[in-house]
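Lettering follows sequence order; numbering is per chain, from 1.
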Protein chains: 2
Amino acid sequence: MVAMAALDGDLGWTLGVVFRAYVKASTAVMADVPGGHRGYQVLTAAAREEAPSQSALGAQLGIDRTVLTYLLDDMERADLVARKPDPADRRARRIVATEAGHALLCTLEERLARAEAHILAGLPAKDRRTLKSLLSRLAAHANALDPVDSTCAVVEDLTTPHPT
Amino acid sequence: MVAMAALDGDLGWTLGVVFRAYVKASTAVMADVPGGHRGYQVLTAAAREEAPSQSALGAQLGIDRTVLTYLLDDMERADLVARKPDPADRRARRIVATEAGHALLCTLEERLARAEAHILAGLPAKDRRTLKSLLSRLAAHANALDPVDSTCAVVEDLTTPHPT
DNA sequence: TATTGTTATACTCTATAACTATA
DNA sequence: TATAGTTATAGAGTATAACAATA
């Protein structure tokens with residue numbers, strides 16, 4: 001257990017606990033998908049968007065293009081997506097979800113919803129809505145606040161490299 | 001950016017965004033600490049508890065004992081903690097925070113609080129309290145709900161091993 | 001020359017197992 | 001025999017760089 005109730009009202013702590021619970025549950029859901037969470041994300045994008053190119057996918061999902069190659073190899077082998085030649089650019093490949101891919105995606109989304117409900121089960125319906133709304137507001141804001149004013153950073157480098 | 005607004009009211013999504021924002025900010029805070037977050041956790045435990053043994057530390061923080069050895073090597077080299085012999089058990093070492101360790105811990109906690117405030121800045125004070133309270137309730141509950149009824153698991157193994 | 005995708009290599013983390021010194 | 005801590009080895013995941021085909 002990663003427990004230890006350091007500062008219990010601590011945001012980082014509670015956020016971490018809840019997030020890890022969610023990750024754990026969703027990881028179980030994704031267990032059989034090649035690439036796990038990433039495979040799911042790719043599948044979602046391939047099913048929703050208009051056959052994105054690999055570079056577009058990578059940029060969108062924050063997946064390195066070299067990693068994406070291997071991931072798509074696995075997913076193609078599992079018959080979840082296919083690489084189609086782009087008629088307009090012979091260098092590019094457009095990623096489309098296969099029928100099996102769409103079917104799996106449905107199943108996954110359903111199971112994810114169940115996992116979410118399970119996590120939120122500790123809260124009455126009204127509080128659940130409140131929490132989701134607050135988080136959503138914060139998320140919208142968080143995307144825009146990258147410049148974490150680290151003006152006061154740099155203490156002194158305490159890190160020593162492993163001497164092997 | 002890991003963006004992509006898939007289902008925007010989605011718990012996993014918003015939770016992930018907020019959590020990652022927090023992780024990013026706190027990672028910046030921990031940048032100079034050997035072992036990053038883990039180093040911070042170890043430092044906290046060493047400063048608070050009564051000189052825990054390595055095995056106690058590992059169990060408490062979910063850090064493998066072999067990893068802990070390397071981590072403590074680095075932290076000791078940086079003069080943040082020290083390994084003291086346990087008078088009662090000559091196999092064990094008790095981990096204590098040095099003076100520099102305590103000092104650093106203070107600084108880190110202060111900077112963490114600032115990072116947290118920064119993340120929460122998107123919400124008015126009242127909502128901030130509500131969110132923290134809801135999360136805290138959920139966290140308390142989450143620790144006890146490990147048995148994610150995966151009764152309906154196992155679809156079929158789509159994973160294919162890399163042929164290298 | 002720049003870009004899309006692939007491949008090969010290297011590096012970082014983590015996990016496993018084997019070893020010592022105690023108990 | 002079992003436990004605390006250390007060390008060595010091997011694996012997964014990721015990052016870097018070089019390459020082929022095309023723009």
Side-chain angles (χ1 to χ4, degrees), chain A residues 2 20 23-24 27 30-31 33-42 45-46 49-77 81-96 159-164, chain B residues 2 20 23-24 27 30-31 33-42 45-46 49-77 81-96 159-164:
Chain A
V2 192
R20 271 184 287 272
V23 166
K24 189 173 180 182
T27 297
M30 313 291 187
V33 184
H37 286 96
R38 287 199 161 156
Y40 168 73
Q41 286 185 293
V42 166
E49 333 265 311
E50 279 308 320
S53 70
Q54 292 188 201
S55 64
L57 260 180
Q60 197 177 151
L61 302 175
I63 303 176
D64 191 87
R65 59 185 186 160
T66 68
V67 175
L68 196 52
T69 296
Y70 298 125
L71 177 52
L72 287 174
D73 286 349
D74 292 345
M75 296 186 72
E76 207 168 24
R77 211 172 298 132
V81 299
R83 284 186 245 231
K84 302 266 192 176
D86 182 329
D89 185 339
R90 283 201 290 169
R91 292 170 306 179
R93 315 291 176 82
R94 306 212 147 261
I95 309 305
V96 296
T159 319
T160 344
H162 265 170
T164 304
Chain B
V2 193
R20 271 183 287 271
V23 166
K24 189 173 180 183
T27 297
M30 313 290 185
V33 184
H37 287 95
R38 286 197 162 157
Y40 168 72
Q41 285 186 294
V42 166
E49 333 266 310
E50 279 308 320
S53 70
Q54 292 189 200
S55 64
L57 260 180
Q60 196 176 150
L61 302 175
I63 303 176
D64 192 87
R65 58 185 187 160
T66 68
V67 175
L68 196 52
T69 296
Y70 298 125
L71 176 53
L72 287 174
D73 286 350
D74 292 346
M75 296 186 70
E76 205 168 25
R77 209 171 299 131
V81 300
R83 286 186 245 232
K84 302 267 193 177
D86 183 329
D89 186 340
R90 282 201 290 168
R91 292 171 306 177
R93 317 291 176 82
R94 307 212 145 262
I95 308 304
V96 295
T159 318
T160 346
H162 265 171
T164 305

Got a second to check how far [X]'s [atom1] is from [Y]'s [atom2], nearest 0.5 Å?
X     : Y     : atom1 : atom2 : answer
B:I63 : B:Q41 : CD1   : CD    : 6.0 Å
B:Q60 : B:S53 : CD    : OG    : 9.5 Å
B:T27 : B:Y40 : OG1   : OH    : 13.0 Å
B:L71 : B:Q54 : CG    : CD    : 10.0 Å

Check your understanding: How long is the line joining CE of B:M75 and P of D:dG5, in whole Å?
Key ->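 In whole Å, D:dG5 P lies 16 Å from B:M75 CE.
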Pairing residues for [X] by the salt bridge (Lys or Arg N to Asp or Glu O under 4.0 Å) criterion, not counting sequence neighbours:
X     : value
B:D86 : B:R94
B:R38 : none
A:R83 : A:D73, A:E76
B:R91 : B:D89

Check your understanding: If each of A:V67 and A:R90 is mapped to the nucleotide of DNA chain D with the nearest heavy atom, which maps nearer the 5' terminus, i.e. the 5' end?
Key ->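 The answer here is A:V67.
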Revision key, fill the gap. Axis-to-axis angle across the helix from C:dT1-D:dA23 to C:dA23-D:dT1, five pairs each end, nearest 10 degrees, ~ 20°
Practice item. Quick one, give me the B/S/- string for nucleotides 3-13 of chain C, reading 5' to 3', where B means a protein heavy atom under 4.0 Å from the base and S means that only happens at the primed atoms, P, OP1 or OP2. Key: BBBBBB-----
